[in-house]
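Keep in mind the model is a prediction, meaning the values are calculated, not measured. The first residue of the sequence shown is numbered 1, and numbering continues consecutively from there. Both backbone and side-chain heavy atoms feed into the values below; hydrogens, waters and symmetry mates do not.
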Amino acid sequence: MRYTITGRNIEVTPALRSAVEEKIGKLERYFQPDTEVIATLSVQRERQKIEVMIPVKGSLIRAEESSNDMYVSIDLVEEIIERQIKKYKRKLIDKKQSAQSFSDLFIKEETPAEEEIQIVKTKRFAVKPMDPEEACVQMELLGHSFYVFLNSETEQVNVVYKRKGSTYGLIEPET
């Protein structure tokens, strides 16, 4: 696997680089040797955070984890990615274009019956034009963690959502 390890507000020491490569290296059995791994280490106040992204053709495997110790965060993020890969193995490999990113042993490996994703409720609603700030207010009034709206500035459907730490995020489609 090819690693790109960067740091924000932290110097990526050889020990940290080695820890990331060793832990994420445990996932090598799932991927082709030339698979790219992008890891970003950051420190915010007293939180040590790692974000790992593994682009596979047509998809992205991503996980982030934070704790008081960077090495603990590295351990936790590896477990999350492995769980995601195992849980979504069939769906990832069923997309024929994605299968080339995974190793043959992983593809042929027998998997236990996984639980099916089941959509149990569908809602329809009018998408109102508004600015993102107004959408955040509407989301808070409804008590939801996200809100879909028509951005009055771009005339595209957007989503606002609550983030950790009482902040908000905005999802916009690429054009």
Side-chain angles (χ1 to χ4, degrees), residues 1-112 114 117 132 145-146 148 151 154 156-175:
M1 296 173 82
R2 298 185 329 255
Y3 295 91
T4 304
I5 303 171
T6 56
R8 288 191 202 135
N9 301 329
I10 186 173
E11 180 185 341
V12 181
T13 63
L16 280 174
R17 181 175 298 280
S18 173
V20 170
E21 289 177 359
E22 181 181 325
K23 268 298 183 183
I24 304 302
K26 290 180 179 181
L27 304 173
E28 282 184 349
R29 67 180 180 271
Y30 299 118
F31 298 100
Q32 294 291 337
D34 64 338
T35 301
E36 182 180 14
V37 175
I38 303 163
T40 305
L41 310 172
S42 62
V43 176
Q44 300 165 343
R45 296 190 189 121
E46 296 179 19
R47 303 301 293 169
Q48 311 274 320
K49 178 176 155 185
I50 180 170
E51 177 182 359
V52 176
M53 294 184 292
I54 305 173
V56 294
K57 190 166 177 88
S59 194
L60 179 72
I61 297 170
R62 180 189 175 281
E64 70 177 56
E65 194 59 55
S66 62
S67 69
N68 292 329
D69 181 9
M70 185 61 78
Y71 294 98
V72 171
S73 298
I74 293 168
D75 289 346
L76 294 172
V77 82
E78 182 266 334
E79 292 171 9
I80 291 170
I81 290 175
E82 188 164 24
R83 244 190 342 261
Q84 286 178 347
I85 292 169
K86 287 179 179 177
K87 183 173 181 180
Y88 295 110
K89 174 184 177 181
R90 186 176 305 134
K91 288 169 183 57
L92 288 168
I93 293 172
D94 282 348
K95 294 181 178 180
K96 298 291 184 224
Q97 72 274 15
S98 296
Q100 67 188 15
S101 299
F102 295 99
S103 72
D104 290 337
L105 289 175
F106 177 57
I107 292 170
K108 293 175 184 165
E109 178 181 290
E110 286 296 317
T111 53
E114 62 182 74
I117 295 175
S145 58
F146 69 93
V148 179
N151 190 324
T154 62
Q156 292 185 318
V157 174
N158 289 186
V159 176
V160 290
Y161 61 96
K162 285 185 184 178
R163 294 176 47 92
K164 295 176 187 170
S166 301
T167 59
Y168 299 96
L170 174 67
I171 300 174
E172 298 179 304
E174 285 184 0
T175 53

Note to self: Please determine whether side chain to side chain contact (heavy atoms under 4.5 Å, CB included) holds for the pair F146 and V159, giving the CA-CA distance in whole Å, both sets of side-chain angles, and the decisive distance to 0.1 Å.
What the structure shows: CA-CA 7 Å; F146 69 93; V159 176; 4.2 Å; yes
Margin query: If you count every heavy atom of other residues, nucleotides or ligands that lies below 6.0 Å from R163 atom CZ, does the total exceed 12?
Written below: no
Margin query: Between R2 and D34, is the side chain to side chain contact (heavy atoms under 4.5 Å, CB included) condition met? List the steps.
Written below: CA-CA 6 Å; R2 298 185 329 255; D34 64 338; 3.8 Å; yes
Notebook entry, point to check: Roughly how far, to the nearest 0.5 Å, is CD of Q32 from CE of M1?
Noted result: 11.0 Å
Checklist line | Spacing of CD1 belonging to I38 relative to CD1 belonging to I54, to within rounding of 0.5 Å | finding: 9.5 Å
Notebook entry, point to check: Rounded to the nearest 0.5 Å, how far apart are CZ of R47 and CG of D69?
Noted result: 11.0 Å
Note to self: With rounding to the nearest 0.5 angstrom, report the CE to CG distance, M70 to L41.
What the structure shows: 4.5 Å
Item checked: Test log, rule side chain to side chain contact (heavy atoms under 4.5 Å, CB included), inputs I61 and F31 -> CA-CA 12 Å; I61 297 170; F31 298 100; 4.0 Å; yes
Note to self: When you measure from the side chain of S73 to the backbone of S67, do you find a donor-acceptor pair of N or O atoms at a distance under 3.5 Å?
What the structure shows: yes
Checklist line | CE-CD1 distance between M53 and I81, expressed to the nearest 0.5 angstrom | finding: 10.5 Å
Check: Closest heavy-atom contact between P132 and V160?
Finding: O-CG1, 4.0 Å
Checklist line | Intermediate values then yes/no, salt bridge (Lys or Arg N to Asp or Glu O under 4.0 Å), E82 and R29 | finding: CA-CA 11 Å; E82 188 164 24; R29 67 180 180 271; 2.4 Å; yes
Margin query: Is it the case that atom OH in Y3 sees more than 12 heavy atoms from other parts of the structure closer than 6.0 Å?
Written below: yes
Check: If only atom types and distance count, is the side chain of Q84 paired as donor or acceptor with the main-chain N or O of R62 below 3.5 Å?
Finding: yes
Check: Once you round to the nearest 0.5 Å, how far does OG of S66 lie from CD1 of I50?
Finding: 11.0 Å
Listed pairs under 3.5 Å, donor-acceptor, residues 8-24 side chains, sequence neighbours left out:
from : atom 1 : to  : atom 2 : distance (Å)
N9   : ND2    : V43 : O      : 3.3
T13  : OG1    : L16 : N      : 3.2

Notebook entry, point to check: Do P173 and V157 come within less than 4.5 Å of each other through their side chains, counting heavy atoms only?
Noted result: no
